[in-house]
Q: 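This is the structure I have questions about; it appears just below.
These numbers come from the heavy atoms of this one structure, side chains and all, not from hydrogens, waters or symmetry mates. All figures in this text were calculated on a predicted structure; none of them were measured in a lab. So that the names make sense, note that chain A is the first sequence line, chain B the second, and so on, each numbered from 1.
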There are 2 protein chains.
Amino acid sequence: MAEKGPSRQRRGRPRQAEVARLAGVSQTTVSLVLGGNKQGIALHEDTRARVLAAARELGYVPDPAARRLAAARNNLLGVFSFTATFPTAVEHSYYPILVGVEQEAAAQGYDLVLFTGSSPGGAQAGDPGALNRVRLADGCLFLGRHVPDDQLRKLVADGYPAVHIGRRDELEGLAWVGADYVAASAEVVRRLSGLGHRRIVLVREDDDAPASTDREHGFRTALAEYAGPRAADDPSAVVRTTHPADDITPGWVRDRLAEGVTAFVAEETDSGAAWRALHAAVAAAGLDVPDDLSLALLGSPPADLAAARPPTGFDIPRAELGAAAVRMLTAQLSGEEHTEPLVACGFRAGSTAGPPPGRTG
Amino acid sequence: MAEKGPSRQRRGRPRQAEVARLAGVSQTTVSLVLGGNKQGIALHEDTRARVLAAARELGYVPDPAARRLAAARNNLLGVFSFTATFPTAVEHSYYPILVGVEQEAAAQGYDLVLFTGSSPGGAQAGDPGALNRVRLADGCLFLGRHVPDDQLRKLVADGYPAVHIGRRDELEGLAWVGADYVAASAEVVRRLSGLGHRRIVLVREDDDAPASTDREHGFRTALAEYAGPRAADDPSAVVRTTHPADDITPGWVRDRLAEGVTAFVAEETDSGAAWRALHAAVAAAGLDVPDDLSLALLGSPPADLAAARPPTGFDIPRAELGAAAVRMLTAQLSGEEHTEPLVACGFRAGSTAGPPPGRTG
DNA sequence: GCCCGAAGCTAATGCGCATTAGTCGAGGGA
DNA sequence: TCCCTCGACTAATGCGCATTAGCTTCGGGC
């Protein structure tokens, strides 16, 4: 049998024991010197110097595996996104979040482990143990709305440090960070109202994700402020559209204008369907924005429309969201519990909103 | 003294010992069962099943640090980029490469650890030991030209499996994979030449990175094929520009045209500066592409110009590059050494090149 | 002269796992 | 009956490091 088995790496990398031998001290002393002697044990300066010299001479570098084993934590944070592969496109909305995650993790001295639905171990989407692999890390961030509840619940129940990116109230005990869509959406409506708009319609997708309901909530809240509680309950103030949004036609837009609507607000979704449809319908109807009507987008435009005129609306601080998630996770790791879960979105003036045309009563 | 053992246990993360207790066997047996029992020790099928069940119930996942310490491998591949892997500036993104890495790693049963080198304000920016963290993984991929040589050299000297993405000849013994810029650039020139162009200028950055010199090499090689070796040495065939490329002005372009140049080739760089400048100068000069002159890009256009007409040139198969890097790394891990380091780039016809205008010879 | 405490070390232990030597009982052959 | 093998496990050990509980000296204080 080859005595060293699979380790082809081992070739002469010195251990503390060898440094110790060269310096004429014990391994403990080497560890003490190189580890900064945080426990304040008395060490003679000469000894320190000898150890340092020996370490340098041998080119000693600590083995991170051993270090982490002894420290009982491996300084790894997991990032789990339940998409088939890791979000491929740079334009994908997860990407900017990862930017923030990476920066904050680096700043805190953690490395990242990436998990996806397609991670190894045969852990495909259906596998009831797919989420367990994240336990390899000290804690994990979860992205996306389709993370399986039961598995996540078990992790949380076991006391595994986890943070979900995106509001996730229904899962008891799961920490999360999310953008403050309620406040941001309300703010957009207030601005429109400030410009003189009195009838505003929200175009949202037919999906009851928190991101959608929060926006509607904020929308209706602000509506109530200037038009009273009745307006907030008005069913016609909100339109649910399907994907693709075939129902948003030029005719539909014109009908709404005829009813006195002067502004449309769309929610941002992964596909950008609502905004895209609204945009197309308005253009096809030959209407001018913002002269004939105002538009606002509750979020950022899809990448392919980014070059067009910037929509009035708000920006989701995705990088900041990622950073906040990391902070919350590391707070959990060090015992502290609660950090602020909501991240504010900045209002974006844009140029798709203006005063309503004339007095159309 | 605060009990630390139990407090850690409570924080999730079951050990083999706990699985053993639940299954009513020894830790050794658990290790045997979960490790695939490569030593062929007799194990009763019932025992095996009980252990597996217990492990699943507890959500056991092996600790990579311990695994690596004991067995010298843990099925983790590192990815180290000395700039952020997810950069804020999207135009110079390693992301597509990472996608290929991710997929191939998953296919081979490895998890990925992202070692973030320096980050703005990062804890360990400039730390001379920053690279040692990668030793936690079985092997590591390196991205970017700014990986500190000395540290990398030490890793390689220790026999640590490493693969650099991007040509890296000067560091003896370091394996690498890279795009075949030489062949791809030559091909582009051949196409232009086939269209009738006889005088072509390469606009490159003033940076002697392999990616730049390879392109120039390919460019000159192809030049020699149709215009003889003298042309290949012609200093005026290649222009080095600075960043920003202030020297590429409309006037400069017109002067070149007056000299008989009919096509310009730009190299792709992180910033896309050369291409951007060329584009802008041609537009400002009121020249039409490809009627008045042809343009080609040795690579892909920056993201913000992606929506414009596709440039004639070649595509760097970034995902494939990542996959190839993983293959080379795992080959190293299993003892085989050499895999093909060069990945071919596909020619992209685009629409910025056409026949030269008239006979201006 | 004896005890005490500080200075300056080192032996021993354990982190979680893989691996190597056993151990133990149930047959089987002689 | 005794020994030996074989099947099915377990005790013990070590990976490289950090940490903790000891050891020695040596110099005062009384």
Side-chain angles (χ1 to χ4, degrees), chain A residues 1-7 9-10 13-21 23-51 55 58 60-75 135-136 138, chain B residues 1-9 11-21 23-51 55 58 60-76 132 135-136 158:
Chain A
M1 284 290 129
E3 34 198 328
K4 297 200 176 169
S7 82
Q9 194 226 127
R10 214 159 276 309
R13 207 165 73 76
R15 333 266 110 145
Q16 284 188 349
E18 279 137 54
V19 176
R21 212 168 302 140
V25 297
S26 72
Q27 177 262 321
T28 303
T29 304
V30 174
S31 174
L32 246 27
V33 170
L34 298 181
N37 188 12
K38 298 179 203 308
Q39 38 277 311
I41 291 183
L43 283 176
H44 200 281
E45 179 53 33
D46 295 356
T47 310
R48 226 181 75 83
R50 278 208 328 279
V51 169
L58 294 180
Y60 171 81
V61 288
D63 178 342
R67 203 198 261 284
R68 290 172 185 201
L69 182 57
R73 54 169 19 214
N74 49 38
N75 271 288
R135 292 185 197 249
L136 175 158
D138 289 339
Chain B
M1 208 140 294
E3 32 164 13
K4 23 154 99 167
S7 80
R8 295 239 187 272
Q9 284 180 26
R11 291 226 176 278
R13 221 170 216 273
R15 328 264 106 134
Q16 284 188 349
E18 279 137 53
V19 176
R21 214 168 300 139
V25 297
S26 71
Q27 177 263 320
T28 302
T29 305
V30 174
S31 174
L32 246 27
V33 170
L34 299 181
N37 188 12
K38 299 181 203 308
Q39 37 275 311
I41 291 182
L43 282 177
H44 200 279
E45 178 53 33
D46 294 358
T47 310
R48 227 182 75 83
R50 280 209 324 282
V51 168
L58 294 181
Y60 171 80
V61 167
D63 178 337
R67 211 178 173 60
R68 178 121 180 97
L69 187 56
R73 62 174 305 149
N74 57 13
N75 269 32
L76 247 39
N132 286 324
R135 293 184 197 257
L136 176 66
D158 286 347

Q: Say whether, by atom type as modelled, one donor and one acceptor occur between the side chain of D63(A) and the main chain of R13(A) under 3.5 angstrom.
A: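 Side chain of D63(A) to backbone of R13(A): no pair is present.
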Q: Does a side-chain N or O from Q27(B) land closer than 4.0 Å to OP1 or OP2 of dA12(D), or not?
A: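 No, Q27(B) has no side-chain N/O under 4.0 Å of OP1/OP2 on dA12(D).
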Q: To the nearest Å, give me how far apart CG (D46(B)) and P (dA8(D)) are.
A: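 The answer, rounded to whole Å, is 10 Å.
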Q: dT19(C) P sits how many Å from L34(B) CG, rounded?
A: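 One finds 13 Å between P of dT19(C) and CG of L34(B), rounded.
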Q: Decide yes or no for R135(B) and V61(A): does some side-chain heavy atom of the first lie under 4.5 Å from some side-chain heavy atom of the second?
A: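 Answer yes - side chains close enough.
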Q: What is the separation between atom NZ on K38(A) and atom P on dT20(D), rounded to the nearest whole Å?
A: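 One finds 13 Å between P of dT20(D) and NZ of K38(A), rounded.
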Q: Heavy-atom nearest nucleotide on DNA chain D for A42(B) versus A66(B): which residue maps closer to 5'?
A: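 Taking each residue's closest nucleotide, the earlier one in sequence belongs to A42(B).
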Q: If the cut-off is 4.0 Å, is T28(A) near the phosphate of dT19(D), judged by side-chain N/O to OP1 or OP2?
A: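 False: T28(A) side-chain N/O out of range (4.0 Å or more) of dT19(D) OP1/OP2.
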Q: Checking all strands, does V25(A) fall into the base, sugar-phosphate, or nothing category for heavy-atom contacts under 4.0 angstrom?
A: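 Sugar-phosphate only.
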Q: Measure from CG on D63(A) to C1' on dC15(C) and round the result to the nearest Å.
A: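 For the pair D63(A) CG and dC15(C) C1', the rounded distance is 13 Å.
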Q: Would you say a side-chain N or O of T29(A) is under 4.0 Å from OP1 or OP2 of dG8(C)?
A: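 Answer is no, no contact under 4.0 Å.
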Q: For dA18(D) and R67(A) - does any side-chain N or O of the residue sit under 4.0 Å from the phosphate oxygens OP1/OP2?
A: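 For dA18(D), OP1 or OP2 has a side-chain N or O of R67(A) closer than 4.0 Å.
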Q: Please compare V30(B) and I41(A) by the position of their nearest nucleotide in DNA chain C and report the one closer to 5'.
A: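 It is I41(A) whose nearest nucleotide is closer to the 5' end.
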Q: Take atom NE2 of H44(B) and atom C1' of dG25(C), then tell me their distance rounded to the nearest Å.
A: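 Computing the H44(B):NE2 to dG25(C):C1' distance gives 15 Å.
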Q: Figure out the CG/C1' separation between L43(B) and dG7(D), and round it to whole Å.
A: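 Those two atoms, CG and C1', are 10 Å apart.
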Q: Take the protein atom CD of Q39(A) and the nucleotide atom P of dG22(D), then report the distance between them rounded to whole Å.
A: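 Value for this atom pair: 17 Å.
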Q: Under the salt bridge (Lys or Arg N to Asp or Glu O under 4.0 Å) criterion, do E18(B) and R21(B) qualify, and how do the steps go?
A: CA-CA 5 Å; E18(B) 279 137 53; R21(B) 214 168 300 139; 5.0 Å; no
Q: Side chain of A70(B): nearest nucleotide among dC17(C), dT10(D), dC17(D)?
A: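 Out of dC17(C), dT10(D), dC17(D), the nucleotide with an atom closest to A70(B)'s side chain is dC17(C).
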Q: Could you check whether S26(B) and T29(B), counting side-chain N and O atoms only, form a donor-acceptor pair closer than 3.5 Å?
A: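 Result is yes, a qualifying pair exists.
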Q: Reckon L69(A) touches a base, only the sugar-phosphate, or nothing at all at heavy-atom distances under 4.0 Å?
A: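 L69(A): base contact, heavy atoms under 4.0 Å.
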Q: Write down the distance between CZ (R48(B)) and P (dC9(D)), rounded to a whole number of angstrom.
A: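 Result: 12 Å.
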Q: If we ignore hydrogens and angles and just use 3.5 Å, is the side chain of N74(B) paired with the main-chain N or O of L136(B) as donor and acceptor?
A: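 Confirmed, N74(B) side chain pairs with L136(B) backbone.
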